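Let me begin by presenting the structure, written as structure tokens, before commenting on it.
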Amino acid sequence: MRTADIFGKKTVFSLEVFPPKPDADESVIYGTLDRLSDLHPDFISVTYGAGGGKNGCKTIRIASDLISSYHTTSVAHLPCIGLKKEQAADILDQISASGIENVLALRGDIPEGGQAEGDFAHASELVSFIRENYDLNIIAACYPEVHPESKDAEEDMVHLKEKVDSGVDHLITQFFLDDRHFYGFRERAHRAGIGVPIEAGIMPVTNKKQIHRMVDLCGVELPAKFVRMLDRYGDSPEALRDAGIAYAVDQITDLAAEGVDGIHLYTMNDSNIAHRIYDAVKNII
Ligand code: FAD
């Protein structure tokens, strides 16, 4: 199913997983998918390492298995940085041939030390390429707190509008820890004429080191309430896990009450946390 066809009827609930590392036991991800598919998500998206490395085959295989073995709609991520058009076409041919109908078209992070060689400078160019050559539903990323490379919110929104106009069917946000960033962004997007559904990305934070790394990388603000939680529970993994789940549930509850189009849960491949969050919000979303 195309993700764009799911919106409007309900609050969409989707999950994100990443493929196993090259030398990791592949069976683990299938155990995770077994448990995640019990939640009957509207779709599961599978990340893809930037640079077109071999691990991308796993993204396509997992996204394809989700359809054939788990009867779950899937999305294959595709970062275009460093890719030539022929390489992108090769990957997109495989995606189409595998029966996957949805692609999350991304640029990917610029590698340290400068720009990678490739035919695509921005995700919008990949979106146009897919729209011109493939019959796929296209999803793209957006940033409620502004992409770290953008000068300001206005410039970021101009480029987001160009990207959507290139052929995007639905957007998924970077995670945020203060829902007010999402509401402000959604309003600015509507004012800019962006009419496609916007799913809110939620990252349950259960590990102190991980959150500091993610916040540095993604330019996400740590609200005072969140910092108090980290200070109080950060040294106890069990307590931080409970508090992080409660925080995510609180965010989702508020977003659902405010009529969010969908919730995209960054599961970090932890099916227990996804289950606990889903159990707490299943009658809300
Ligand atoms: P773009 O839309 O190209 O935007 C990047 C920057 O360029 C922004 O500052 C934008 O304003 C600016 N820009 C855009 N167009 C122009 C233009 N014409 N002129 C000047 N500036 C412009 N990364 C992975 O490697 N693999 C994944 O699987 C993955 N999944 C993700 C899923 C989600 C939901 C999100 C939010 C991010 C994901 N990422 C992934 C990370 C993403 O690749 C990075 O955030 C990357 O830095 C930007 O990607 P983008 O597609 O948003 O880029």
Side-chain angles (χ1 to χ4, degrees), residues 3 12 14-19 21 43-53 55-60 62-63 74-83 88 91 95 100 102-112 114-116 118-130 138-176 181-182 185 188-189 192 194 196-203 213-220 261-269:
T3 63
V12 166
S14 61
L15 305 173
E16 180 171 308
V17 297
F18 53 81
K21 301 258 176 319
F43 66 87
I44 297 182
S45 81
V46 189
T47 67
Y48 194 122
N55 226 31
C57 304
K58 291 187 186 167
T59 299
I60 300 174
I62 293 166
S74 69
V75 173
H77 295 209
L78 177 55
C80 58
I81 194 150
L83 293 184
I91 298 168
I95 288 174
I100 300 161
N102 305 289
V103 176
L104 175 42
L106 297 146
R107 185 198 65 187
D109 284 321
I110 297 173
E112 268 181 47
Q115 190 73 45
D119 288 341
F120 304 94
H122 307 289
S124 54
E125 294 170 18
L126 178 64
V127 172
S128 301
F129 182 75
I130 300 173
I138 306 173
I139 306 163
C142 58
Y143 302 83
E145 293 177 69
V146 180
H147 188 276
E149 288 166 38
S150 286
K151 189 173 79 202
D152 52 34
E154 204 177 319
E155 183 193 85
D156 207 35
M157 190 55 73
V158 167
H159 293 138
L160 181 62
K161 176 77 165 80
E162 284 165 8
K163 180 159 73 172
V164 171
D165 288 347
S166 307
V168 170
D169 295 296
H170 121 231
L171 291 167
I172 303 180
T173 75
Q174 178 63 279
F175 82 99
F176 50 89
H181 289 302
F182 177 82
F185 165 77
R188 291 198 307 280
I194 292 174
V196 297
I198 305 175
E199 265 197 291
I202 296 293
M203 166 96 72
R213 206 180 52 240
M214 299 299 285
V215 162
D216 284 350
L217 192 71
C218 305
V220 169
D261 293 317
I263 300 291
H264 186 70
L265 195 63
Y266 294 102
T267 71
M268 309 301 284
N269 290 11

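From a predicted model like this one, the values you see are computed outputs, not experimental measurements. Both counts, for ligands and for their atoms, begin at 1 and track the order of listing.
Counting heavy atoms from C-beta on, the side chains of L83 and L78 come closer than 4.5 Å. Residues L160 and M157 have side chains in contact (heavy-atom distance under 4.5 Å, counting atoms from C-beta outward). Taking the side chain as every heavy atom from C-beta outward, Q174 and Y266 approach each other to under 4.5 Å.
Of the heavy atoms in F18, none comes closer than 4.0 Å to ligand 1. Counting heavy atoms closer than 4.0 Å to ligand 1, residue E162 contributes side-chain atoms (C-beta onward) but none from N, CA, C or O. With a 4.0 Å cut-off on non-hydrogen atoms, H122 touches ligand 1 through its backbone as well as its side chain.
Geometrically, ligand 1 and T47 share no nitrogen or oxygen pair separated by less than 3.5 Å. Between H77 and ligand 1, at least one N/O pair is under 3.5 Å apart. Inclusion of H147 in the set of residues having an N or O under 3.5 Å from an N or O of ligand 1 is warranted. Checked against a 3.5 angstrom limit, the closest N/O atoms of G49 and ligand 1 fall outside it. An N or O contact shorter than 3.5 Å is missing between P79 and ligand 1 by distance. Considering backbone and side-chain atoms together, E149 places no N or O closer than 3.5 Å to any N or O of ligand 1.
Atom 15 (N) of ligand 1 lies below 4.0 Å from at least one non-hydrogen atom of the protein.
Nearest residue to atom 37 (C) of ligand 1 from F175, Y48, Y143 is Y143 (criterion: closest heavy atom). Closest to atom 12 (C) of ligand 1 by heavy atom, among E155, E16, H159, is H159. Among E199, R107, K163, the residue whose heavy atom lies closest to atom 2 (O) of ligand 1 is K163.
Atom 46 (C) of ligand 1 has its closest protein heavy atom at D109 OD1, 3.3 Å.
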